[in-house]
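Take a look at the structure set out below.
Below, chains carry the letters A, B, ... as their sequence lines are ordered, and counting in each starts from 1.
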Amino acid sequence: MTEQSPPNFITILLVGTFILLLLCGAVIFFVLLYQRKVLQNKLDIQNLQTDHQKKLLITTINSQEKERTRVGQELHDSVGAMLSAIRLNMKMITQDPAIFQKSSDEITGYLDQTIETVRNISHNLYPAGLKTFGMIGVLKEYIEKVNASDQLVISLQVNGETMRLDSNTELIIYRILQELIHNAVKHSRANNIYINMDWQDAQLFIEVRDDGVGFTSNQLDPGKRGLGLYNISNRAEVINAKVNFNNADNGGACVDLQVPYQTV
Amino acid sequence: MVSSETFLLIYDISLYANIACVILSLVLLKYQAKRDRLIIIYLILSVLCDLFSEMLPRVFDIKNTNYIANLWTFMEFITLTLFYSFVRELKLSRKYHIKTIFAFTIVCLIIFLQFKSVYDFVNLHKIVSALYYSTLSIYLFYQFLVNVDNNLIRTSIFWQNTGIFFYFTGNILIFLMLDYLLSEDFSFLNVGWGIHNMLTIIKTVCFATAFIINFKYRRLND
């Protein structure tokens, strides 16, 4: 027994040390592997954020360009045309004072139309009543205008005690709703839009439903969303709101917006 | 069995590797931070202890050099604790390291005043030291995992900790069995000593890598 023990001890020492070193190697390997994975994840997240920011920038630039084009077109087609007509009438008066009465009536009419057009353009750029009447006030005004156009009918229902939010949040919510209504008019072939606003403790729930064709599966996929819906998501992100795009049971589009708020 | 010449060769390689590493570190001294300079001090002390252990029996005919090994373990513990006290990633306070040095000094005093003489070959404080540094280096690896900031392979602290981790963890069994190895045939001691020297080579290579990394990246920053 005693003669057998010495080689056993050496074996234990050799095997034991070998196992310990193997464990050391495994620990270091694991640390490096894990670290590499975490760094890779960090890099992926960074890339995603960069992509997102790029997309955001492109969306912003596109929206700005679209808006500039629209305003430019409106100024050229409406205001420009009417000012030209006024100029023409003025010229006619100087040439033939006899038609003063007729021309002055026309000039007054053109001026009224120009004022109205400028008012509309400025309202589209920034709803003037937002500060005074709040989001609900300007929304009602906007709905009235859309309803008057006979394209479709929008119903607004407000539940709970209406609050005034900070002007930025109100403007963003207004823009989101404007975009949703615009989408419904342009794409969904809807006849009715139902807007439901539910004021709860520190949360505003907004549901926008229509009876149109609804979203396609591509539009519901966050990665394949179009510019309009992407814009809505981005705007919602700015005010820490959650937005959900779904199809309602009747097949129409249904958008839920959950906005955390602080009263002012 | 491997011949004793082989073990002597391994010992020589480990000694020369240490000397080469010291020379390398001194050449690249200006690129080394405070904590890396403690590793340089550690290596110099290690080389000096090895050289003294070699020279004393030959030059002064002093056969017993055990006290050098005992003193070395104590110095090793202090220099490495000071080194770790500069490692911010470890997230341990300076006070903790000072207390550790104090506690280890008390352990050594108890061992040498109560149980053994400094002229004996003592393994108890070596075991304590090996267990402590194995645990500490694993803890530092854990901290690396929790706070991942940059590529570990490109940091000197990773290589220094790896060297310390391999060296002390690999030596635990040797230190535990030291009494037995000393009491048996010289060839058994050679096996243990051979493994110890191989681990020393690994540690030295890791330290050298750390010095080169410091040189490479600090030069780039300059």
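Between B/Leu152 and A/Leu32, the shortest heavy-atom contact is CB-CD2, 4.1 Å. Taking each heavy atom of B/Phe166 and A/Cys24 in turn, the nearest pair found is CE2-CB, 3.6 Å.
Other residues, nucleotides and ligands contribute only 12 or fewer heavy atoms inside 6.0 Å of the CG atom of A/Asp249. Atom OH of A/Tyr34 sits in a sparse spot, with 12 or fewer heavy atoms from other residues, nucleotides or ligands closer than 6.0 Å. Heavy atoms from other residues, nucleotides or ligands lying under 6.0 Å from CZ of B/Arg154 number 12 at most. Around the CD atom of A/Glu161, the shell of radius 6.0 Å holds no more than 12 heavy atoms that belong to other residues, nucleotides or ligands. Within a 6.0 Å sphere centred on NZ of B/Lys99, heavy atoms belonging to other residues, nucleotides or ligands number 12 at most. The number of heavy-atom neighbours closer than 6.0 Å to CZ of A/Phe133, taken from other residues, nucleotides and ligands shown, is 12 or below.
Inspection of non-hydrogen atoms places B/Ile195, B/Leu199 of residues 194-205 of chain B under 4.5 Å from chain A.
Atom CD1 of residue B/Ile174 and atom OG1 of residue A/Thr17 lie 5.0 Å apart, to the nearest 0.5 angstrom. Put simply, CD on A/Gln35 and CZ on B/Phe158 are 8.5 Å apart, with the number rounded to the nearest 0.5 Å.
Across A/Leu23, A/Ile28, A/Leu20, A/Leu39, the residue that shares the most heavy-atom pairs under 4.5 angstrom with chain B is A/Ile28.
The shortest side-chain heavy-atom distance between B/Asn151 and A/Arg36 does not fall under the 4.5 Å cut-off. Put simply, the side chain of A/Leu14 reaches to within 4.5 Å of the side chain of B/Val191, judged on heavy atoms.
With a threshold of 4.5 angstrom between heavy atoms, B/Asn161 does not approach chain A through any atom at all. Looking at A/Val31, both its backbone and its side chain come within 4.5 Å of chain B, counting heavy atoms on both sides. Using a 4.5 Å cut-off between heavy atoms, B/Tyr142 does not touch chain A at all.
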